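Heads up: the structure comes next, in structure tokens.
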Amino acid sequence: MSMNSMKLLLASATAISGLAMSAGTAFAQEITYMCSSDGTECATAREIFDRFQEENPGVTVKIDEVPYKAIVESLPVQLAAGDAPDMAKVTDLGGLSEYYLDLSPYVDAAYWEKNFGGTLDWYRKGPEDKGIYGLHSQLTITGAYINKTLFEQAEVEVPGPDATWEDWAAATRDVAKKTETQFPMAMDRSGHRIAGPAISDGAKLLDENGVGILVDEGFTTYVKKFVEWNNDGTMARDVWASTGGSAYQAADKEFINGQLVYYYSGSWQVAKMDEQIGDAFDWEVVGTPCGVGGCTGMPGGAGIVGFASTEHPELVAKAIDYLAQEANYAEMTAKTKNIPAHAAVAAKGVEYSDASPAAAAALNAWSAQVSKISPVAYAYQGYKNNRAMFNISVERITQAIVGELTVEEAMDRAKEDLKQALAETK
Amino acid sequence: MLAVLNPLMRLIEVPMKWMQDILGLKNPAWLFLLPNLILFGLFAFLPVIINFVYSFTGSDGILLADRPYVGSRNFDYLLDCSSYLDPNSCRDDFFWRAVHNTILFVILQVGLMVGFSLLTAIVLNRKIRARGFFRSVFFFPVLLSPVVVALIWKWILQREGVLNAWLEAVGLDSFNWLLDPSWAFGWSVFLSIWAHMGFYTLILLAGLQAIPRDVYEAAMMDRASPWRVFRRITLPLLMPTMLVVLVLALIKGVQTFDEIFAFTGGGPGSATTFIIQYIYNTGFAGTPRLFGLASAASIMLAIVLVILTFAQLWANRKNVDG
């Protein structure tokens, strides 16, 4: 081979490899999914996205698993600063709506409307908005777990489906006394959690125009009871009173350790209960206590959204749409032990194959609670400024519990806080 | 050595002379300061300016373009009180609870900490057995991260913590130390003293060791009592160091946040919420994020800290001047 031929060959090889590299770069796309997990959500998403990557060569979905606190506190700041990931799991569904990517140009809108019609509104900016923004991956409902073994040991009858909060308080006090259990009842320290019982006691939370009011007679009625129960030992005072600000605090450890008779939390705890209680005692999900406003819990949960700031809107929409497909969604729901928000998946029923009989029964019990959710609860969950109302509820009710304010003063302060929060919200 | 250095110095001299020719005799100093000035400007001075500007704006937007000018509204909101002694009479009761808590905390923490530090320094200045070991023991908590400090004491004091286990073991009732506002506040003061005392003890120890021995020897010859020696010699000669310690502890006390936040979360209720946590809650942890209000509160805090810093500078100068 002459020197010239050699040079020509080298030049050609360099050009071809350069072209190949640039073509590779052009087709390689990476999107980042900011995920937080109560159990196996991120791991399950990884499994499904691995298949998505196989079906879409050159595409990488990077999962950035972060603590829930980062989703609540850091993500909004990142979004406002224009430094957001491509997609994320969010729980402040309406509050971040201004940043969402509208998936409707890229997905089969009819399929989404048919299967997620009930939750699409929670992600929208308002009644006029018809965009598709979020895949509700985790439909949750707030409600109660009981330690059934303690009821049996105490020989106290479990209150029926129409029992009121007062009935439950009396029954659990009785059980705790007879079994020498530390706490009769506990409720997670969360404004979302206390909303369900308040609605059951007649709280409206929003006015006729759909604007937040928070405090009314129904809300005050429940708060009075709740404060009294925290101070007379019916409710575990540690949960609400031991911390400050609007910090979230759960009472799952107390329940799992058998120190608690009745735990008001939500459906997302099933996997944890199943895994950590094992056969230590029998537990079950019971109907939400009733009042003049019904027997409602709060719907909620988390969804996967894309952000308008992404450089790959089509790919983000394609990835979310992939998760939304019936088979993938059913797999995700079963593996994460959640209640489906997908109408077809819900209609066919989810086979929680790796769930224990207790967990499967609990998940079915939660699914049965969905029909009892009050329209007020749905409206509150979809209200854009509900998170401000949740935080105000927690801060002011805690002050009433520890004695910094009376219930009346706390409620007056809550009204003022909400006024200021709404005035400051864009 | 000089034979090696001289050619090197001449090498540097060339660009230096060239720089002086261009910039003049005095200006090259600015060139050397420039990197530091840029860093300081970007990460210290600019945030202060932004904070100041934000304190006069409203809404929950982050970018200045999204934030309307509201004049002194944020300051008016914070200062709207019937009586500054009663947080319940204030429009923003959380702010005034935080102010009250901070003042009480600083008085108790600084007073007790300086007292204990002095006592410890005096003991550690004596020729006691294993003096080096004890000096290390008292200084050790200073090396711990604030979160570690908080978690250690949380595990000791929580409902099913070590302290309650001991109390139950000796037949006493357990108590939920962090659920009672007064106890939670008291333990917060204690924790803070425990965590920081070593640092101030070290400064005071250095101050004690700087006192000339001959003064003590003269007092011994005059048969002065130990108390008289302490009152007439140790305390007056240690006073400049004490002043520095006092001002440093005051500044640190006003800035208290991390360890108490990890320890109690500011609770029960707002019993251990201090001013920095109020700013954090208002600007970052709450919804909506009220950056304007948080900025206004931090400006007010900054004024207090500037006063304390001037006091520290004055104390330092007094120390140097003797």
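Just so it is clear: chains get the letters A, B, ... in the order the sequence lines come, proteins before strands, and each one is counted from 1. As a basis for the values below, the full set of heavy atoms in this structure was taken, side chains included, without hydrogen atoms, waters or symmetry mates. Remember, it's a predicted structure, so these values are computed and weren't measured experimentally.
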### Task
May I ask you to list the residues in residues 244-256 of chain A that approach chain B closer than 4.5 angstrom, counting heavy atoms only, ordered by number?
A:Gly244, A:Gly245, A:Ser246, A:Glu254
#### Entry: Residue part contacting chain B, namely of A:Asp238, when any heavy atom lies under 4.5 Å
both
### Query
Between A:Ile401, A:Asn391, A:Thr398, A:Ile392, which residue shows the highest count of heavy-atom pairs closer than 4.5 Å to chain B?
A:Asn391
### Task
With rounding to the nearest 0.5 Å, note down the distance linking OG in A:Ser190 to CZ in A:Phe390.
7.0 Å
### Task
Answer yes if the side chains of A:Thr234 and A:Arg173 hold a donor-acceptor pair under 3.5 Å, and no otherwise.
yes
### Query
Are A:Arg189 and A:Ser242 linked by a side-chain donor-acceptor pair shorter than 3.5 Å?
no
#### Entry: B:Trp194/B:Val149 under side chain to side chain contact (heavy atoms under 4.5 Å, CB included): CA gap, chis, key distance, verdict
CA-CA 9 Å; B:Trp194 182 82; B:Val149 169; 4.0 Å; yes
### Task
Using non-hydrogen atoms and a 4.5 Å limit, figure out which bit of B:Thr273 sits close to chain A: side chain, backbone, both or neither.
neither
### Query
Do other residues, nucleotides or ligands put more than 12 heavy atoms under 6.0 Å from the CZ atom of B:Phe175?
yes
### Message
Taking the basic N atoms (NZ, or NE/NH1/NH2) and the acidic carboxylate oxygens, is any pair closer than 4.0 Å for B:Asp76 and B:Arg73?
### Response
no
### Query
Most heavy-atom pairs under 4.5 angstrom with chain A, which of B:Pro87, B:Cys90, B:Ala271?
B:Cys90
### Separation between OG1 of B:Thr256 and CG of B:Leu191, rounded to the nearest 0.5 Å
10.0 Å
### Message
With chain B as the partner, which of A:Arg387, A:Arg396, A:Glu395, A:Arg237 has the greatest number of non-hydrogen pairs under 4.5 Å?
### Response
A:Arg396
#### Entry: Contact origin within B:Pro68 toward chain A - heavy atom pairs under 4.5 Å
neither
### Task
Check each atom of A:Leu405 against the heavy atoms of chain B and say whether the ones under 4.5 Å are side chain, backbone, both or neither.
side chain
### Task
Report the option among A:Glu416, A:Gln259, A:Lys69 that has the most heavy-atom pairs separated by less than 4.5 Å from atoms of chain B.
A:Gln259
### Task
Please look at B:Asp180 and chain A and tell me whether the side chain, the backbone, both or neither of the residue comes under 4.5 angstrom of a heavy atom of that chain.
neither
#### Entry: Partner of B:Phe274 under ring pair (Phe, Tyr, Trp, His ring centres under 6.0 Å), chosen from B:Phe257, B:Phe105, B:Tyr280
B:Phe105
### Query
Does B:Leu78 offer a backbone N or O that forms a donor-acceptor pair with the side chain of B:Trp96 under 3.5 Å?
yes
### Message
Under 4.5 Å from any heavy atom of chain B, what part of A:Val72 do you find: side chain, backbone, both or neither?
### Response
backbone
### Part of B:Leu178 within contact of chain A (heavy atom distance under 4.5 Å)
backbone
### Message
Can you confirm whether B:Phe45 is buried at CZ, in the sense that more than 12 heavy atoms of other residues, nucleotides or ligands lie under 6.0 Å from that atom?
### Response
no
### Query
When you measure from the centre of the six-membered ring of B:Tyr54, is the NZ or CZ of B:Arg67 under 6.0 Å away and within 45° of the axis?
yes
#### Entry: Proximity breakdown for B:Asn88 and chain A, heavy-atom pairs closer than 4.5 Å
both
#### Entry: B:Tyr278 portion near chain A, given a 4.5 angstrom heavy-atom threshold
neither
### chain A interface, residue from B:Leu293, B:Thr264, B:Val70, B:Asp93 that has the most non-hydrogen pairs under 4.5 Å
B:Asp93
#### Entry: Neighbour count >12 (heavy atoms, 6.0 Å) for atom CZ, B:Phe116
no
